[in-house]
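Encoded as structure tokens, the structure appears first; notes follow it.
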Amino acid sequence: MDTSLEDNLEFAFAVARPDEARLKSPLAEQLLSFREFGKATQCTETIARTFSGVGIEVTTYVNEFWTARQRAASSLHEISYRACFKPQLPRFFIERLTDPGDIVYDPFMGRGTTVIEAALLGRVPYGCDINPLSLFLTRPRLNPPAPSQVVARLKAIDFSDADEFPEQLVVFYHPETLKEICSLKKYLLNRKSERALDEVDEWIWMVGLNRLTGHSPGFFSVYTLPPNQATSVKAQQRINERRVQTPPRRSVRELIGRKSRQLLSDCTQKIRQNLSLVGGQARLLAGRAAATPEIADDSISLAVTSPPFLNVVDYAGDNWLRCWFIGTEAGSVNIPIARKLEEWRQAMTDVFRELFRLLRPGGHVAFEVGEIRGGEIKLEEAVVPCGVEAGLRPALVLINDQKFTKTANCWGVDNNSKGTNTNRIVVFQNPP
């Protein structure tokens with residue numbers, strides 16, 4: 001990293017690091033003494049076996065390490081993407097395991113939670129995801145425009161200039177709303193083909209993607225599934241019949257402007273300055289997490305990520321309508337889904353081998369996994385040997401134990417039942 005940039009980051013974030021000595025003490029000591037939400041940390045052991053059958057015991061710390069009672073995360077995070085973690089999770093590890101100017105990486109970037117939080121904390125954000133939508137959702141928030149720029153650009157777009165009108169989509173949209181969506185899609189694809197797409201266009205594209213479907217008047221569509229999943233045309237027809245509903249007229253320009261104001265509400269001048277210090281060094285990739293030759297050896301200080309879990313989420317199926325909006329066939333997005341535990345473990349081992357190459361000596365990986373199939377499989381036990389096989393040392397397991405949110409419940413997830421009821425993070429270290 002450029003020395004002047006590092007100096008600027010150290011200065012910019014010096015006032016934002018209270019009790020630095022405490023945050024830089026060994027992570028295990030911090031977890032053991034953690035009392036911020038009134039609970040004492042419980043210690044146990046995670047028992048795993050290497051691929052050769054050797055037993056491993058990893059000290060495991062259980063507490064409520066982050067909670068809904070904490071300060072709200074930055075408004076920049078408030079876009080929907082199914083199966084994403086809260087910003088407090090990456091922040092917890094970024095603050096404790098890195099310094100301003102360090103590179104923080106997420107090989108399964110998703111909506112970009114780790115990437116955005118790293119940038120907000122003055123770390124250089126790197127990310128990768130095989131889903132091309134991830135770049136559309138993440139990159140614009142590293143260089144957010146001013147609300148006035150968004151308003152001016154929206155006024156300049158001709159929302160009556162459409163070259164297509166996919167009739168099947170009227171189950172989601174009022175015909176006039178669909179025409180506006182098609183006009184916006186045409187404008188953005190033309191700007192892209194002309195190499196005229198700028199940061200304001202990219203922002204509008206991101207917000208448009210986020211407003212395509214949802215279950216409130218803040219979306220372009222009639223009432224449908226939550227905004228992080230698109231149902232099929234036939235399924236939407238059934239929803240409309242059951243609810244006796246027809247798609248209402250929505251203003252695409254107005255809704256994008258409203259959502260933009262909300263997303264940008266926390267973007268003070270200071271935050272914009274901080275983002276600009278690291279945004280130019282950001283590296284966002286579209287591809288496989290196990291093969292990232294664009295990233296140099298020994299360059300990453302910390303990776304914080306959550307991989308796809310054993311066919312729990314169908315990313316391509318959830319995003320078919322978003323793929324249409326960016327001019328991509330959903331079927332052309334090859335997102336492999338591991339359906340058996342051994343397939344998943346082999347895929348994760350390949351990712352860990354790549355992370356071992358990328359991590360600097362002494363660097364860490366915080367690998368968030370879940371408890372799936374009603375608790376029958378605890379993936380922290382399954383993932384420990386994957387990291388060991390790649391050459392990493394399992395330092396500890398952190399279990400953040402807290403109650404479900406309304407979002408979790410809307411997917412039919414209940415405590416001590418199916419789905420993920422805790423954050424379970426295996427922390428590995430690249431031996432110094």
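- Ring-centre distance between Phe352 and Phe367: below the 6.0 Å cut-off.
- In this structure, a donor-acceptor pair under 3.5 Å is absent between the side chains of Ser33 and Arg35.
- Rounding to the nearest 0.5 Å places CZ of Arg91 at 10.5 Å from CZ of Arg96.
- Within 6.0 Å of NZ on Lys186 lie more than 12 heavy atoms contributed by other residues, nucleotides or ligands.
- Atom-to-atom distance recorded for Ile204:CD1 and Ser260:OG is 7.0 Å, nearest 0.5 angstrom.
- The aromatic rings of Trp66 and Phe93 sit perpendicular to each other, their planes meeting at more than 60°, with 30° as the lower class boundary.
- Checking side-chain atoms of Thr177 against main-chain N and O of Phe220 turns up no donor-acceptor pair under 3.5 Å.
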Working for side-chain contact (heavy atoms from CB on, under 4.5 Å), residues Gln42 and Thr44: CA-CA 7 Å; Gln42 303 298 311; Thr44 182; over 6 Å; no
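- At distances below 3.5 Å, not a single donor-acceptor pair connects side-chain atoms of Tyr173 with backbone N or O atoms of Arg250.
- Under the 3.5 Å distance criterion, the side-chain polar atoms of Ser301 are left unmatched by any main-chain donor or acceptor of Val104.
- Using modelled atom types, one side-chain atom of Asn430 and one backbone atom of Leu359 make a donor-acceptor pair closer than 3.5 Å.
- Between Phe51 and Glu389, the closest heavy-atom pair is CD1-OE1, 3.6 Å.
- Arg153 pairs by the side-chain hydrogen bond (donor to acceptor under 3.5 Å, both in side chains) definition with Asp198, Asp201, not counting sequence neighbours.
- In this structure, the separation between CG on Leu285 and OG on Ser134 is 10.5 Å, given to the nearest 0.5 Å.
- Looking at Asp102, Asp99, Thr98 one by one, the single match for side chain to side chain donor-acceptor pair (under 3.5 Å) with Arg123 turns out to be Thr98.
- A donor and an acceptor atom, one from each side chain of Thr46 and Thr60, are located under 3.5 Å apart.
- Judged by distance alone, the side chains of Thr305 and Asp106 do bring a donor and an acceptor atom under 3.5 Å apart.
- Ring planes of Trp320 and Phe172: tilted class, angle from 30 to 60°.
- Put simply, the side chain of Arg211 never gets that close to the backbone of Ile256: no donor and acceptor are under 3.5 Å apart.
- Note: Trp324 CH2 to Ile181 CD1 = 6.0 Å, rounded to the nearest 0.5 Å.
- Looking at heavy atoms from C-beta onward, Gln346 lies in side-chain contact with Asp350 at the 4.5 angstrom threshold.
- With salt bridges taken as basic N to acidic carboxylate O contacts below 4.0 Å, one links Glu202 and Arg139.
- The number of heavy-atom neighbours closer than 6.0 Å to CD of Glu329, taken from other residues, nucleotides and ligands shown, is 12 or below.
- Atom CZ of Phe219 sits about 6.0 Å away from atom CG of Asn210, to the nearest 0.5 Å.
- Within the 3.5 Å criterion, the main-chain N or O of Ala289 finds no donor-acceptor partner in the side chain of Thr292.
- In this structure, the separation between CZ on Arg141 and CH2 on Trp203 is 7.5 Å, given to the nearest 0.5 Å.
- Judged purely by atom type and a 3.5 angstrom limit, Lys86 has no side-chain atom pairing as donor or acceptor with the backbone of Ala73.
- Proximity of Leu355 to Tyr105: side-chain heavy atoms (C-beta onward) are separated by under 4.5 Å at one or more points.
- For the side-chain contact (heavy atoms from CB on, under 4.5 Å) with Thr41, the lone residue among Asn63, Val62, Leu398 that qualifies is Asn63.
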